[in-house]
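The block underneath contains the structure these notes are about, expressed in structure tokens.
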Amino acid sequence: MAIVIYIDRDLCTGCRRCAEICPTGAIEGNQGEPQILNREICVNCGQCVQICSAYASPYTTSPETMAAKNRERRLLPAAAPEPLFAAYNESHEELVREALARPDLFNAVQFAPAIRFALAEDFGLSPQVVTIGRIVAALRRLGFKYVYDTNFAADLTVMEEGYELLQRLQGDGALPLFSSCCPAWVKFVEQAYPQLIANLSTCKSPQQMAGAIFKTYTGQLDPDLRSRHLFVTAVMPCIAKKFECNRPELSGSYGRDVDAVLTTRELAHLIKDKGIDWHSLAEEEADQPLGKYSGAGAIFGVTGGVTEAVLRTAAEVVGGKPLEEIEFHEVRGMAGTRKVNINLGKEQLEIIIVAGLKNVVPILDDLIAGKASFHFMEVMACPAGCLSGGGQPKILVETYRGSIYRQRAASIYNHDRDLPVRKAHENPAIKQLYADFLGQPLGELSHALLHTHYTVRRSEENV
């Protein structure tokens with residue numbers, strides 16, 4: 001499906017907060033009237049869903065109506081009506097429930113960097129509480145046989161994208177290189193700036209790389225999987241990931257890389273509906289080796305994290321020796337646009353980091369007009385990167401938003417500092433994957449499984 005965002009006109013009050021935050025102007029309507037979503041230019045970032053505070057509750061709407069809408073949206077069981085917000089996203093909860101109930105499926109799940117520093121908020125805890133072990137335990141209680149970590153695939157993305165950057169710097173491919181981890185950003189380029197599609201990294205996102213590896217390499221690790229179908233669910237902070245997993249380009253002979261996507265909020269719904277006591281869960285570890293990750297993979301969840309993770313590897317590959325300082329503080333921060341110069345061997349790398357899709361428009365316009373020149377640009381559609389994704393726990397009090405984003409970011413960087421391995425190329429599981437299966441970054445099998453192509457999108461029918 002092209003668009004996974006909806007606005008319930010029966011609930012919308014026309015406050016237009018969603019229109020103010022929409023980076024593409026996709027929400028149309030007058031003040032005080034129900035808003036309309038322009039499906040041709042929506043990129044599914046979900047910030048409208050995140051910010052929407054117009055909702056019905058049992059005090060204003062009958063429980064029967066609430067239950068009916070819940071059933072329609074497939075969000076919650078009819079017996080547990082909760083406030084319904086006017087802007088909402090397509091849910092994969094029912095799809096996941098059905099998969100977990102099927103004895104013929106082997107259910108695998110991955111969870112993204114940013115959700116581990118936000119899920120606890122839906123259970124009344126601070127964003128500074130790191131809940132990795134509880135997330136693993138909860139996913140197993142839900143019935144997933146294999147619990148993997150998307151951070152592993154973030155490390156894999158560093159390897160592929162890092163070597164791709166070095167290859168393009170040597171003249172093989174268009175510069176500047178654009179990051180391709182954010183599906184809302186990729187779709188924006190496809191439909192608004194198709195002349196720059198060649199600048200997008202051909203790397204799939206960590207979510208999709210993970211799915212492709214689970215459905216191929218995992219068969220070598222567990223021979224049982226060769227005779228049974230593997231259903232892969234991803235838990236993401238991002239609503240656009242639901243669109244991404246259905247892209248026909250992101251599949252192989254094994255089917256789709258990823259079969260279903262749950263947002264952070266939807267995972268919280270499932271945990272509560274199953275009656276799992278979050279607060280009493282004992283810590284558990286993800287399955288190995290696809291649960292091992294470095295600090296580089298962990299920082300993917302914050303704006304600037306992809307850039308820093310790639311630099312940690314690219315700088316050592318070019319320099320041929322370990323970095324004396326692996327933290328690139330120049331690329332960190334919450335500003336919508338940051339421009340930095342980094343010495344990469346004999347090359348001075350000009351880098352731009354963008355958080356919030358609106359901020360990239362003048363840069364792209366200048367690039368097309370020949371007024372801008374740089375080597376690499378990381379773009380995340382959401383205002384603080386993935387940690388502020390449309391699928392994260394809602395922050396309805398606007399004055400708290402910045403503080404909570406900063407707390408989530410601090411938790412991510414603290415986790416990075418606490419890890420024994422902090423560079424993707426030093427992750428032993430990544431080394432094993434290349435040695436036993438992929439061969440080398442940008443190799444033939446890597447290209448087949450981990451890279452993709454993009455599509456010019458002129459209208460919603462072509463999305």
Side-chain angles (χ1 to χ4, degrees), residues 55 57-58 63 66-67 70-71 73-85 88-89 91-103 105-151 231-237 260-288 291 298 301 387 389 391-397 400 404 407-408 411-412 414-415 418:
Y55 68 92
S57 73
M66 299 277 287
N70 273 328
R71 283 196 299 272
R73 296 183 183 183
R74 295 181 142 190
L75 284 175
L76 295 167
E82 290 191 1
L84 288 165
F85 293 87
Y88 67 102
N89 58 272
S91 175
H92 288 180
E93 282 191 40
E94 193 62 28
L95 179 62
V96 172
R97 291 177 199 271
E98 291 169 358
L100 289 170
R102 284 179 54 181
L105 293 182
F106 270 15
N107 280 279
V109 65
Q110 55 169 303
F111 59 102
I115 80 153
R116 67 203 70 207
F117 306 105
L119 180 65
E121 295 169 31
D122 265 349
F123 296 91
L125 298 176
S126 162
Q128 295 175 311
V129 176
V130 180
T131 56
I132 302 168
R134 285 191 199 177
I135 291 173
V136 174
L139 291 169
R140 290 205 176 104
R141 301 299 183 279
L142 287 172
F144 290 101
K145 179 173 176 59
Y146 298 98
V147 180
Y148 297 132
D149 201 313
T150 313
N151 281 5
F231 187 95
V232 174
T233 298
V235 185
M236 294 285 138
V261 174
L262 297 172
T263 64
T264 312
R265 291 193 302 271
E266 288 166 346
L267 176 59
H269 293 160
L270 285 176
I271 292 170
K272 293 171 184 177
D273 183 48
K274 186 78 171 179
I276 297 169
D277 183 355
W278 172 263
H279 300 281
S280 67
L281 285 171
E283 302 271 326
E284 296 182 14
E285 290 193 2
D287 290 299
Q288 304 300 333
L387 62 83
Q392 293 279 64
K394 290 172 77 79
I395 307 169
L396 296 180
V397 181
Y400 294 168
I404 290 177
Q407 289 179 62
R408 291 175 184 171
S411 294
I412 289 174
N414 288 339
H415 183 54
D418 290 341

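Hydrogens, waters and symmetry mates play no part in the numbers below; they use all other heavy atoms, side chains included.
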Checklist entry - So L119 and R265, side chain to side chain contact (heavy atoms under 4.5 Å, CB included) or not? Walk me through it. => result CA-CA 7 Å; L119 180 65; R265 291 193 302 271; over 6 Å; no

Item to check | side chain to side chain contact (heavy atoms under 4.5 Å, CB included) assessment of T263 paired with I115 | outcome: CA-CA 9 Å; T263 64; I115 80 153; over 6 Å; no

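- Nearest approach of E121 to P393, heavy atoms of both residues: OE1-CB, 4.0 Å.
- F106 has its side chain within reach of Y146: a pair of non-hydrogen atoms, C-beta onward, lies under 4.5 Å apart.
- Residues V147 and E285 form no side-chain contact, since every pair of their non-hydrogen atoms from C-beta on lies 4.5 Å or further apart.
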Item to check | Q110 vs V235, side chain to side chain contact (heavy atoms under 4.5 Å, CB included): CA-CA, chis, key distance, verdict | outcome: CA-CA 6 Å; Q110 55 169 303; V235 185; over 6 Å; no

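- With a 4.5 Å cut-off on side-chain heavy atoms, V232 and V109 do not count as touching.
- Under the 4.5 Å side-chain criterion, counting only non-hydrogen atoms from C-beta, F117 is not in contact with N414.
- A donor-acceptor distance shorter than 3.5 angstrom exists from the side chain of N107 to the backbone of A99, with no hydrogens or angles considered.
- Taking a cutoff of 4.0 Å between a charged side-chain nitrogen and a carboxylate oxygen, R97 and E93 qualify as a salt bridge.
- A distance of 9.5 Å separates CG in L142 from CG in D273, rounded to the nearest 0.5 Å.
- No side-chain heavy atom of N151 sits under 4.5 Å from any side-chain heavy atom of F111.
- At least one donor-acceptor pair under 3.5 Å links the side chain of R408 to the backbone N or O of L387.
- Other residues, nucleotides and ligands contribute over 12 non-hydrogen atoms within 6.0 Å of the CD atom of E283.
- Between the side chains of H92 and E266, no donor-acceptor pair of N or O atoms lies under 3.5 Å.
- How far CD1 of I395 is from OH of Y400: 11.5 Å, rounded to the nearest 0.5 Å.
- Remark: the backbone N or O of R116 is paired with a side-chain donor or acceptor of T131 at under 3.5 angstrom.
- Residue I412 comes nearest to A298 through the heavy atom pair CG2-O, 3.5 Å, listed as atom of the first residue, atom of the second, then distance.
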Next on the checklist: Between L100 and F231, does the side chain to side chain contact (heavy atoms under 4.5 Å, CB included) criterion hold? Intermediate values first, please.
Outcome noted: CA-CA 9 Å; L100 289 170; F231 187 95; over 6 Å; no

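- Heavy atoms only, all atoms of each residue included: L281 and A138 are closest at CD1-CB, 3.7 Å.
- D287 has its side chain within reach of R140: a pair of non-hydrogen atoms, C-beta onward, lies under 4.5 Å apart.
- The two atoms that bring P113 and G301 nearest to each other are CB-N, 3.9 Å, heavy atoms only.
- The existence of a salt bridge linking K394 and D122 is excluded, since no basic side-chain nitrogen approaches an acidic carboxylate oxygen closer than 4.0 Å.
- When side chains are defined from C-beta on, W278 counts as touching L125, because their heavy atoms get closer than 4.5 Å.
- Salt bridge status for E284 with R134: absent, with no side-chain N to carboxylate O gap under 4.0 Å.
- Looking only at side-chain heavy atoms (C-beta outward), K274 and L270 stay at 4.5 Å or farther from each other.
- Across A114 and P237, no two heavy atoms sit closer than the pair CB-CG, 3.8 Å.
- Note that K272 lies in the cation-pi zone of F123, set by a 6.0 Å cut-off to the ring centre and a 45° limit from the axis.
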